[in-house]
Amino acid sequence: MIIKWSDTVEMKMELVPPERKEVIDHLMQFYLYDFTSYLDMDVTSNGKFNAYPDLYTYLNNRDGRFAYLITCLNNPAGFALIEQLQNPLEGDYYMTEFFIMKKYRRSGLGTWAANELFEHYKGNWKVTQVSNNTTAQAFWQKVISAYTRGDFIQKTRSDNGNLSQYFKS
């Protein structure tokens, strides 16, 4: 578990403990809702988004996949899904999904959590944003640029326009 105190705010990030796995599943609904601004997604007839593919492998820390719960003042505030990559040309680690609830955005929580993950998983990283999510692109460019002091490569995929940053932690 990683804990940071800043003045009066306690921020925590931990591998999702077994008794808190449903929290990630619930937060995933908000994350997917946010993506409806960028991708053509709908809820099912029961009013929920489909389950995130292979979420159980992250929640059980299997196959080089890890799920982190991010909290602020003991309240769920977001999550990160990390994947250890098998293709060394793409990197060692991939920030598969990263979510901070709107209430906690611009508080420094997301920057802190991303930096802690980069420090914990040393190696070559890949972080990707969908082509029209300019808010996420700006966030990751700022965080990665500050973390690496500008030493990163950015590529745009020709098939879908998604943007990826590559760097070493």
Side-chain angles (χ1 to χ4, degrees), residues 1-38 48-49 51-85 91-130 133-152 164-165 167-169:
M1 179 185 320
I2 303 165
I3 301 174
K4 177 189 179 190
W5 286 89
S6 67
D7 296 332
T8 60
V9 178
E10 180 189 61
M11 296 182 266
K12 288 188 208 176
M13 184 169 51
E14 62 183 327
L15 276 173
V16 178
E19 67 275 6
R20 304 281 312 250
K21 290 180 181 181
E22 75 283 350
V23 176
I24 300 295
D25 190 44
H26 295 171
L27 289 174
M28 186 63 74
Q29 290 293 304
F30 296 110
Y31 177 70
L32 294 172
Y33 173 75
D34 279 359
F35 261 86
T36 63
S37 296
Y38 311 108
K48 289 180 69 176
F49 290 97
Y52 184 85
D54 295 328
L55 183 59
Y56 73 93
T57 60
Y58 291 94
L59 295 175
N60 293 308
N61 303 311
R62 289 188 184 155
D63 302 326
R65 295 177 182 190
F66 309 96
Y68 282 86
L69 176 62
I70 303 165
T71 60
C72 187
L73 296 172
N74 290 320
N75 294 314
F79 62 83
L81 303 181
I82 309 286
E83 182 176 353
Q84 192 168 8
L85 296 173
D92 301 312
Y93 299 103
Y94 181 51
M95 185 71 74
T96 310
E97 309 295 347
F98 188 86
F99 174 68
I100 301 294
M101 291 180 59
K102 286 184 181 181
K103 173 181 180 176
Y104 301 103
R105 293 179 190 166
R106 300 189 177 273
S107 70
L109 180 65
T111 299
W112 169 78
N115 285 316
E116 290 296 327
L117 290 166
F118 299 153
E119 283 299 305
H120 184 72
Y121 294 98
K122 290 291 194 180
N124 294 310
W125 276 86
K126 176 182 176 182
V127 179
T128 301
Q129 307 87 50
V130 296
N133 189 344
T134 56
T135 302
Q137 291 170 8
F139 170 79
W140 285 112
Q141 288 167 354
K142 180 181 174 186
V143 168
I144 292 167
S145 182
Y147 180 82
T148 64
R149 294 183 174 92
D151 188 14
F152 69 98
S164 296
Q165 295 82 28
F167 63 98
K168 185 175 181 90
S169 63

Pairing residues for [X] by the side-chain hydrogen bond (donor to acceptor under 3.5 Å, both in side chains) criterion, not counting sequence neighbours:
X	answer
Y52	E97
D63	none
T111	none
Y121	Y68

- Are F99 and M101 close enough, and set up right, to give a side-chain contact (heavy atoms from CB on, under 4.5 Å), and what steps lead you there? CA-CA 7 Å; F99 174 68; M101 291 180 59; 3.6 Å; yes
I want to check something: taking the side chain as every heavy atom from C-beta on, are [X] and [Y] in contact at a cut-off of under 4.5 Å?
X	Y	answer
K126	Y93	no
Y94	I82	no
M95	W125	yes

- Check whether more than 12 heavy atoms from other residues, nucleotides or ligands sit under 6.0 Å from atom CG of N75, and answer yes or no. yes
- Who are the salt bridge (charged side-chain N to carboxylate O under 4.0 Å, His left out) partners of R106, not counting sequence neighbours? none
- Begin with the C-alpha distance, continue with both residues' side-chain angles, and end with the deciding distance and a verdict on side-chain contact (heavy atoms from CB on, under 4.5 Å) for T36 and Y33. CA-CA 5 Å; T36 63; Y33 173 75; 4.2 Å; yes
Tell me every residue that passes side-chain contact (heavy atoms from CB on, under 4.5 Å) with [X], counting only those two or more places apart in sequence or in another chain.
X	value
A113	M13, I70, F98
K103	none
N74	E10, K12
A77	C72, Y104, L109

- Could you give me the CA-CA distance, side-chain angles and deciding distance for F49 and F35, then say whether side-chain contact (heavy atoms from CB on, under 4.5 Å) is met? CA-CA 11 Å; F49 290 97; F35 261 86; over 6 Å; no
- What are the two closest heavy atoms between L81 and A67, and how far apart are they?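 Looking at all heavy atoms of both residues, the closest pair is CD2-CB, 3.7 Å.
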- Query: Between L85 and G91, which heavy-atom pair has the shortest distance, and what is it?
  - Reply: CB-O, 3.3 Å
- Task: Please test Y56 against R62 for side-chain contact (heavy atoms from CB on, under 4.5 Å), starting from the C-alpha separation and ending with a verdict.
- Result: CA-CA 8 Å; Y56 73 93; R62 289 188 184 155; 3.8 Å; yes
- Task: Examine distances only and state if a side-chain atom of N124 and a backbone atom of D92 form a donor-acceptor pair shorter than 3.5 Å.
- Result: no
- Item | Under 3.5 Å donor-acceptor, Q129 side chain and S164 backbone | no
- L59 CG to F79 CZ distance, which is reported to the nearest 0.5 Å: 10.0 Å
- Rounded to the nearest 0.5 Å, what separation is found between the OG atom of S169 and the CG atom of L117?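 Here the rounded value is 10.0 Å.
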- Query: Of T148, T128, V127, which is the lone residue that meets side chain to side chain contact (heavy atoms under 4.5 Å, CB included) with Q165?
  - Reply: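 The residue from T148, T128, V127 that satisfies side chain to side chain contact (heavy atoms under 4.5 Å, CB included) with Q165 turns out to be V127.
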Table please: side-chain donor-acceptor pairs of residues 20-28 below 3.5 Å, with sequence neighbours left out.
| unit_1 | atom_1 | unit_2 | atom_2 | d |
| --- | --- | --- | --- | --- |
| K21 | NZ | N60 | OD1 | 2.4 |

Can you give me every donor-acceptor pair (side chain of residues 134-146, partner residue at least two apart or in another chain, under 3.5 Å) with its distance?
| unit_1 | atom_1 | unit_2 | atom_2 | d |
| --- | --- | --- | --- | --- |
| Q137 | NE2 | V130 | O | 3.0 |
| Q137 | NE2 | S131 | O | 3.0 |
| Q141 | NE2 | Q154 | OE1 | 3.1 |

- Message: Enumerate the salt bridge (charged side-chain N to carboxylate O under 4.0 Å, His left out) contacts for residues 64-84, please, sequence neighbours excluded, ordered by first and then second residue.
- Response: D54-R65, R65-E83
- Query: Can you tell me if Y147 and E119 form a side-chain donor-acceptor pair at under 3.5 Å?
  - Reply: yes
